[in-house]
Number of protein chains: 2
Amino acid sequence: MRAAPLQFWPPTGGRQAQAGSAGASLLFAGLSEEQFTCATSCLGIQAFSFEKDEQVLACQGARPHYGVLVSGTGFDVRQHPNGDQTLVDVIEPGDLFGEGWQPRAWAAPEVPRERAVIGATAGTVLLLDPARLSDPTVACPAKAIVHTNLLNSVLHKQERLRTKLEILRHRSLRGRIANYLLVESQRRGKSQFTIPLSRGELAQYLHADRAAVSRELARMKHDGMIDYHRNAFALRDEQAVATASE
Amino acid sequence: MRAAPLQFWPPTGGRQAQAGSAGASLLFAGLSEEQFTCATSCLGIQAFSFEKDEQVLACQGARPHYGVLVSGTGFDVRQHPNGDQTLVDVIEPGDLFGEGWQPRAWAAPEVPRERAVIGATAGTVLLLDPARLSDPTVACPAKAIVHTNLLNSVLHKQERLRTKLEILRHRSLRGRIANYLLVESQRRGKSQFTIPLSRGELAQYLHADRAAVSRELARMKHDGMIDYHRNAFALRDEQAVATASE
DNA sequence: TCCTTCCCGTTGCCGTGGCAACGAAGTTGC
DNA sequence: GCAACTTCGTTGCCACGGCAACGGGAAGGA
């Protein structure tokens, strides 16, 4: 990961519903360009670029950081000792990540931590030091705003985790897939959309087998519910998809 | 739910690791009794008692509230149109709940919201109004502390959701059960413990069938991994349980 | 005490989906 | 253009677990 030029991140409005869409970051919402520039020095915000499959942030890092994705896509993954990993969440531009990582990693830096954020594509991030944010001696006009935004960002992330739990509640694979496609369609606001996951990654996200996902997708296409090719999906019978996800 | 006498809630230390244990609340950590009393008026903190199966908090409420459980046990549930519900999380004394409920419920108060906190046993709660907390005209010495504590509480809750996702990653029911028992054992700090869930509730938490859970528990007992009777569990072969949860 | 109700254990059935293996198609590098 | 590699689709096998039904035991109320 290499340092990258730091430029003004356009904060738009601050409506939580808009968070996650490209061009908006809930964490820096409501900041003027002047305040943002101030924050970069006061709060030690730095920009970095990363490559695909590169580890963007890990528990084993020198110290915990908050990150905001500027461009590209990231995966919030959990790696297990036996080699396989689960995909907890997809991180898109504007999203916060790395929140809540306790500095317990300090204790055992030699153990490769099981939690990490890796690059799904190449991209850039902003990293900021939570210690600077909670340090009372740091007086910055932007700090209060960022602090409030941070709470909203964390709540937004929690909402995403609850959405994933909602997807995972289905006992049938068809229900999980239908729910995922419905959520993804609503997020994009279209019935035709492309997903940021490959088949194998989708299986990891749905906690299922890749072959089984392919098989069930083929069945759903055969039943006329959906259509797809690679990462491009279309909801043919939206009502049927909604019914399948109960 | 009826109003209940409001008394000083003993805040202990503020170490996140202690949060969730009886007698400590991360949200009010670091407050003196004087500050706590001040906060009750400034932030509009009120105490209520609730009964078993009573709805403690729901999205359809007049306005969003944060809650802290004082005594008893609560369930963070998600109710689905077809009647069944999933158990998202168990709320124990000191835990925050109701965070992040958007006031979108205002828009459609007639629809029974799918998300709620219900009483698993009778108990008491403290409710506070987030609007008062974010209102800049309210000047209270305790506000800053509570605001910081709120962020930590939300992060702590997120950690619990991630733990549940970790339990749910297992494709086999035995893996999920083993992981749950391991987590519960670590939380209690003992290899003998009682769980706050009935069989049916445990099945709802694990996103599985009640009969299947009973069957798999019987197999694990037969294999010498665990022992149990009703809600009382004991890890016989802790190594085997750990292996089953990978 | 008796009755009702709820919760838990058990079991047979069988469908869903995990697993492994293979082939096709797309991608990258030389 | 060819080869090595990766990703996706497909399929057979069969075990795990969902579902339904039943029975027993504990709990609560009259």
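Residue numbering restarts at 1 for every chain, and letters A, B, ... go by the order of the sequence lines.
Looking at the side chain of B:Arg176, the nearest of the listed nucleotides D:dG18, C:dG18, C:dC8 is D:dG18. Side-chain atoms of B:Arg210 lie closest to C:dT10 of the nucleotides D:dG9, C:dG18, C:dT10. Candidate nucleotides D:dC19, D:dT10, D:dG17 were compared by shortest atom distance to the side chain of A:Ser214, and D:dT10 ranks first.
In this structure, B:Arg162 and B:Ile167 have side chains that are not in contact, with every pair of non-hydrogen atoms separated by 4.5 Å or more.
Contact check, B:Ser198 against C:dC8: a side-chain N or O comes under 4.0 Å of OP1 or OP2. At the phosphate of D:dT11, neither OP1 nor OP2 sits under 4.0 Å from any side-chain N or O atom of A:Arg215. Checking the phosphate oxygens (OP1, OP2) of D:dC8, no side-chain nitrogen or oxygen of A:Arg230 falls inside 4.0 Å. One finds a side-chain N or O of A:Arg171 lying less than 4.0 angstrom from the OP1 or OP2 phosphate oxygen of D:dC19.
For the pair A:Lys164 and A:Tyr205, the cation-pi criterion (under 6.0 Å, within 45° of the ring axis) is fulfilled.
A:Ala211 comes within 4.0 angstrom of a base, heavy atoms only.
In this structure, B:His207 atom NE2 and D:dC16 atom P are separated by 22 Å, rounded to whole Å. We find that CZ of A:Arg199 is positioned 16 Å from P of C:dA25, with the value rounded to whole Å. In this structure, B:Tyr228 atom OH and C:dC7 atom C1' are separated by 14 Å, rounded to whole Å. When the C1' atom of D:dG9 is taken as reference, atom CD of A:Glu216 falls 14 Å away, rounded to whole Å.
If you find the closest nucleotide of DNA chain D to B:Arg219 and to A:Leu217, the one lying nearer the 5' end belongs to A:Leu217.
Remark: side-chain polar atoms of A:Ser185 are not paired, donor with acceptor, to backbone N or O of A:Leu181 under 3.5 angstrom.
No side-chain donor from either of B:Arg176 and B:His207 sits under 3.5 Å from a side-chain acceptor of the other.
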